[in-house]
Amino acid sequence: MNYWPAEVCNLAECHQPLLEMIKNLSENGAETAAVHYGTRGWTVHHNTDIWAHTAPVGNYGEGDPAWALWQMGGIWLTQHLWEHYAFSGDEAYLRDFAYPILKEAAFFALDWLIEDSSGYLVTSPSTSPEHKFRTPEGTAAISEGATMDISLIWELFTNSIEAAHILGVDSEFREELIQKRDRLLPLQIGRYGQLQEWSKDFEDEDVFHRHTSHLIGVHPGRQLSERDTPELFAAARTSLERRGDESTGWSLGWRVALWSRFGEGDRALELLSNMLRLVKDGETERYEQGGVYASLLGAHPPFQIDGNFAATAGIAEMLLQSHRSTLMLLPALPDAWQAGEVRGLRARGGFEVSIRWENGSLEEAEITSCSGHRCSVSAGSEAKLTVYHGDIEVPIQRADDGTISFSTDTGTTYRLVKQPYAG
């Protein structure tokens, strides 16, 4: 979570320490995977340290399995490897650094998955950190095929498939991942219209729980979208609605990003406001609420820097999204932000983006192409954009929904305006 803003906020060099640590974890995690589980690849559990510890740890008494036995830590981290490529387009990095680690993580996932009674592939044992569910016998945390596990593996397989395709390697392995991805336990909608958190429609132990782990397919992932999976996307929104607007600081930061992905700028701003409530001297315990100290550090003793970083990423998501191959400008702009400007954000595909808006709608944008890829842009169906390079109008293709696309040259800046550019 601390690294969510790194790419979109144009701080890719700050991502490098985490990427190097993931490499170290993959090396140590290969021994953990072999010794603990007899699998290929590598795994990391819920906690690590500067020495790249990968085995289960914890001292939570009877609650141990609910936290320590989480084999998805490495798979969770591989998202950063792919994101660094998605924003930069650096194929040398993908080939020499990221893809080998992604591939080995995928090997672990392939070996870890088992077939359930219906023929679907699931994880077992499985948890939805750090939430529990109710059964007639009481509360429990361990089941099979928790939604977070399935979504994380979907993301890993998808990223690995795309990486292998881009690099032109491992066609048989790529086909195996496609087949196994198609056999993953489908995500399901529960009795309340919510995205189920577990493979069965269990009752939440705490409907307002701080974790929204089962919504990772909305953010930071890309599995769920209104265009491609409308029913599941709506169910995920219902899940977030049920969680409520009061939580600890890091959770509110994540929820800002989630509401932004749902296009709910006003709701995202409300969550951001909750997070920024001042905690005065002596008010040190704010575990289940947002709030910041006068220093603006998240108020969870001693502080919650992950809340600050997550909220930063959430603000960026309000202004620019690019996880679905199209640059979406101002996708979750709050009504209160009627006019403003942001400069130097980054988008997947290798673009640097600056945006200016007036009266709650896009006025103009500048997009610099860093990789020479074709650029697809949406500013809402109402925006009729014209693209210029200097004083020259650039040919564009315009879709029925107002999305435009145009060819770009590396290092060239393009100006997008709502009306013909007069110079």
Side-chain angles (χ1 to χ4, degrees), residues 63 65-67 69-72 76 113-155 181-248 251-252 254-264 266-268 270-271 274 288:
W67 295 275
L69 274 181
W70 187 58
Q71 299 83 5
M72 298 291 110
W76 161 269
L113 289 165
I114 62 172
E115 190 174 288
D116 72 0
S117 58
S118 300
Y120 292 117
L121 296 178
V122 299
T123 56
S124 183
S126 179
T127 66
S128 186
E130 301 167 357
H131 199 190
K132 296 183 179 182
F133 54 85
R134 297 186 184 277
T135 71
E137 293 75 29
T139 60
I142 310 299
S143 63
E144 66 176 20
T147 296
M148 186 186 198
D149 285 6
I150 301 301
S151 292
L152 283 172
I153 292 173
W154 187 96
E155 297 283 345
R181 184 183 62 181
D182 291 344
R183 292 183 58 203
L184 290 173
L185 180 71
L187 304 187
Q188 301 169 76
I189 299 174
R191 73 193 77 177
Y192 303 111
Q194 88 284 10
L195 184 69
Q196 282 185 201
E197 193 165 349
W198 298 275
S199 58
K200 296 182 179 179
D201 194 10
F202 295 121
E203 287 282 2
D204 299 290
E205 181 194 38
D206 176 10
V207 70
F208 303 116
H209 198 270
R210 62 193 176 278
H211 277 265
T212 52
S213 305
H214 56 308
L215 305 186
I216 192 171
V218 177
H219 182 277
R222 52 177 170 147
Q223 181 183 16
L224 303 181
S225 69
E226 187 172 18
R227 183 188 66 189
D228 295 335
T229 57
E231 293 182 355
L232 290 171
F233 192 69
R237 189 189 187 286
T238 298
S239 290
L240 188 59
E241 187 75 55
R242 282 169 53 82
R243 279 294 200 261
D245 292 347
E246 293 290 346
S247 192
T248 189
S251 178
L252 290 176
W254 193 343
R255 294 180 200 199
V256 170
L258 285 167
W259 280 117
S260 297
R261 288 279 173 97
F262 289 120
E264 298 282 355
D266 289 340
R267 191 69 174 268
E270 182 180 348
L271 272 290
N274 288 353
E288 291 296 347

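Side-chain atoms are counted along with the backbone in the values below, which use heavy atoms only and exclude waters and symmetry mates. All residue numbers refer to positions in the sequence shown, counting from 1.
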Q. For Tyr192, does its backbone N or O pair with a side-chain atom of Gln194 as donor and acceptor, under 3.5 Å?
A. yes

Q.
Minimum heavy-atom separation for Gln188 and Pro186, please, with both atom names.
A. CG-O, 3.4 Å

(Q) Does Glu205 have more than 12 heavy atoms from other residues, nucleotides or ligands lying within 6.0 Å of its CD? (A) yes

Q | Aromatic Phe262 / basic Arg267 pairing, under 6.0 angstrom, 45° off normal | A | no

Q) Any side-chain heavy atom of Leu113 sitting closer than 4.5 Å to one from Leu184? A) yes

Q.
For a quick test of reading the model, state the closest non-hydrogen atom pair linking Ser128 to Trp198 and the distance between them.
A. CB-NE1, 3.6 Å

(Q) Less than 4.5 Å apart, side chain to side chain, heavy atoms only: is that true for Arg237 and Trp259? (A) yes

Q. Which atom names give the shortest non-hydrogen contact between Val218 and Ala236, and what distance separates them?
A. CG2-CB, 3.8 Å

Q: To the nearest 0.5 angstrom, please state how far the CZ atom of Arg210 sits from the NE2 atom of His131.
A: 9.0 Å

Q. What distance do Leu258 atom CG and Leu271 atom CG have between them, rounded to the nearest 0.5 Å?
A. 9.0 Å

**Q.** Sidechain-backbone polar pair: Arg183 side chain, Gly119 backbone, donor-acceptor under 3.5 Å
**A.** yes

Q: Please report the shortest heavy-atom distance between Trp254 and His219, naming the atom on each side.
A: NE1-O, 3.0 Å

Q | Considering all heavy atoms, the nearest Ser247-Leu252 contact | A | O-CD1, 3.5 Å

Q: Would you give the length of the straight line joining atom CG of Leu224 to atom CD1 of Ile216, rounded to the nearest 0.5 angstrom?
A: 10.5 Å

Q) Should Trp154 and Arg181 count as side-chain neighbours, where that means a heavy-atom distance under 4.5 Å? A) yes

Q | Pair Ser239, Arg243: side-chain N/O donor-acceptor within cut-off below 3.5 Å | A | no

Q.
Nearest 0.5 Å, please: how far is CD in Gln196 from CZ in Arg191?
A. 8.5 Å

Q: Would you give the length of the straight line joining atom OG of Ser199 to atom CG of Leu185, rounded to the nearest 0.5 angstrom?
A: 6.0 Å

(Q) If I take atom CG from residue Asp149 and atom OG from residue Ser143, how far apart are they, to the nearest 0.5 angstrom? (A) 8.5 Å

Q) Are the side chain of Glu155 and the backbone N or O of Gln223 linked by a donor-acceptor pair below 3.5 Å? A) yes

Q) Sub-3.5 Å donor-acceptor pair from the side chain of Asp204 to the main-chain atoms of His209, do we have one? A) no

Q) Would you say Thr123 and Gln71 make side-chain contact, with heavy atoms under 4.5 Å? A) no

Q | Close side-chain approach of Thr212 and Arg255, heavy atoms under 4.5 Å | A | yes

Q) Is there a side-chain contact between Leu187 and Leu195, using heavy atoms and a 4.5 Å cut-off? A) yes

Q. Would one find more than 12 heavy atoms of other residues, nucleotides or ligands at under 6.0 Å from atom CD of Glu203?
A. yes

Q: Might you point out which heavy atoms bring Ala235 and Ile189 nearest each other, and give the distance in Å?
A: CB-CG1, 3.7 Å

Q. Is a side-chain donor or acceptor of Thr135 paired with a backbone partner of Glu137 at a separation under 3.5 angstrom?
A. yes

Q: Kindly say whether Gly221 contributes a backbone atom to a donor-acceptor pair with the side chain of Arg261 at under 3.5 angstrom?
A: yes

Q) Between Ser126 (side chain) and Ala146 (backbone), is there a donor-acceptor pair under 3.5 Å? A) yes

Q) Hey, is the main chain of Thr147 close enough, under 3.5 Å, to the side chain of Glu197 for a donor-acceptor pair? A) no

